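Reviewing the structure listed below.
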Amino acid sequence: MSTPRIICTIGMHGSASTWVFNAAREILGATLGEDSVLHFFADKMEHMPDEGQRAGKTLLIKSHEGSPELEDWLDANNALRLLTIRDPRDATLSQMQRFHSPLPPAANAIARDGMRLQRLAARGIPVWRYEDGFFEREATLDELAARLSCPLSPALRAEIFARYETEAVRAFAANLTSLPPERLTQVGPFTMDKITQILTPHIGDGASGKFRALPPDLQPQLTQFFAPILIQFGYIA
């Protein structure tokens, strides 16, 4: 089976979707050659590179909430989707802590991510759950390589795993300004590496159940707000 020509990593913010994106980028680059892979972020069709840039390339797209037009385009082009999810209450608090977002916009953004994941998971597309620690297991790279129909040697697997281990990414994020200037861009007040899409506050504490640090009156409100997502993906209320 040949490697898909379009791959889209679709994750709830804070669900280690960037880990999947970078692992896929490394595996595809090693298999096809880095110049053969065009990787970028897109939630809407206007975020897509033009057709000339895409011609002859394998596309690796990082995405979150998406849009109907992008979803239709992915369907029409038989894209492989790689999904990641996290308890949306924890994902909300993660956004608040790492990016200083107020609660309402953070919760609404996570809800939009979650609704997209609900629709795709209902179609039978597999989902990696943050709470299962998929990003902490080398074996996940074998699963990913199989879904990409790419070979993965033990040496490359170990190299990729070490490069994107939590503390390695934390150190990388803390030193983004040491990268060549052409690799850097600003996302709001934060610096981001264009290649890895890692931002300066990329790694938080990684804790599960962290939403319980919210005031007691807010916890049931957040649980009610996210109830459809919590129920579909088997999270305990």
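Counting begins at 1 with the first residue of the sequence. Note that this is a predicted model, so its numbers are computed, not measured.
The closest donor-acceptor contact from the side chain of Thr92 to the backbone of Pro88 lies under 3.5 Å. Although no hydrogens or angles enter the test, the distance criterion places no donor-acceptor pair under 3.5 Å between the side chain of Thr3 and the main chain of Cys150. The main-chain N or O of Gly14 is found under 3.5 Å from a side-chain atom of Arg86 such that the two form a donor-acceptor pair. Checking side-chain atoms of Ser63 against main-chain N and O of Ile10 turns up no donor-acceptor pair under 3.5 Å.
Side-chain rings of Phe135 and Tyr164 stay apart, their centers remaining 6.0 Å or farther from each other.
In this structure, His13 and His64 have parallel ring planes: the angle between them is below the 30° cut-off, well short of the 60° mark.
The neighbour count for Gln186 CD, taken as heavy atoms of other residues, nucleotides or ligands under 6.0 Å away, is above 12. With a 6.0 Å radius and a threshold of 12 heavy atoms from other residues, nucleotides or ligands, Glu34 has its CD atom at or below the threshold. By the neighbour-count criterion of 12 heavy atoms within 6.0 Å, atom NZ of Lys44 is sparsely surrounded, having that number or fewer from other residues, nucleotides or ligands. The 12-atom threshold is not exceeded at CG of Asp35, counting heavy atoms of other residues, nucleotides or ligands nearer than 6.0 Å.
Under a cutoff of 6.0 Å and an axis angle of 45°, Arg54 and Phe40 do not form a cation-pi pair. Remark: Arg147 is positioned above the aromatic ring of Trp128, its terminal NZ or CZ atom under 6.0 angstrom from the ring centre and at most 45 degrees off the axis.
Side-chain N/O atoms of Asp193 and Thr196 include a donor and acceptor closer than 3.5 Å.
Sorted by first and then second residue, the ring-ring contact (aromatic ring centres under 6.0 Å, His included) pairs with a member in residues 139-160 form an empty list; sequence neighbours excluded.
The closest side-chain heavy-atom distance from Asp87 to Leu230 is below 4.5 Å.
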Table please: side-chain donor-acceptor pairs of residues 100-112 below 3.5 Å, with sequence neighbours left out.
| residue | atom | partner | partner atom | Å |
| --- | --- | --- | --- | --- |
| Asn108 | ND2 | Pro104 | O | 3.2 |
| Arg112 | NE | Glu65 | OE1 | 3.1 |
| Arg112 | NE | Glu65 | OE2 | 3.4 |

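Legend: residues meeting salt bridge (charged side-chain N to carboxylate O under 4.0 Å, His left out) with Arg5, ordered by chain and number and at least two apart, are absent.
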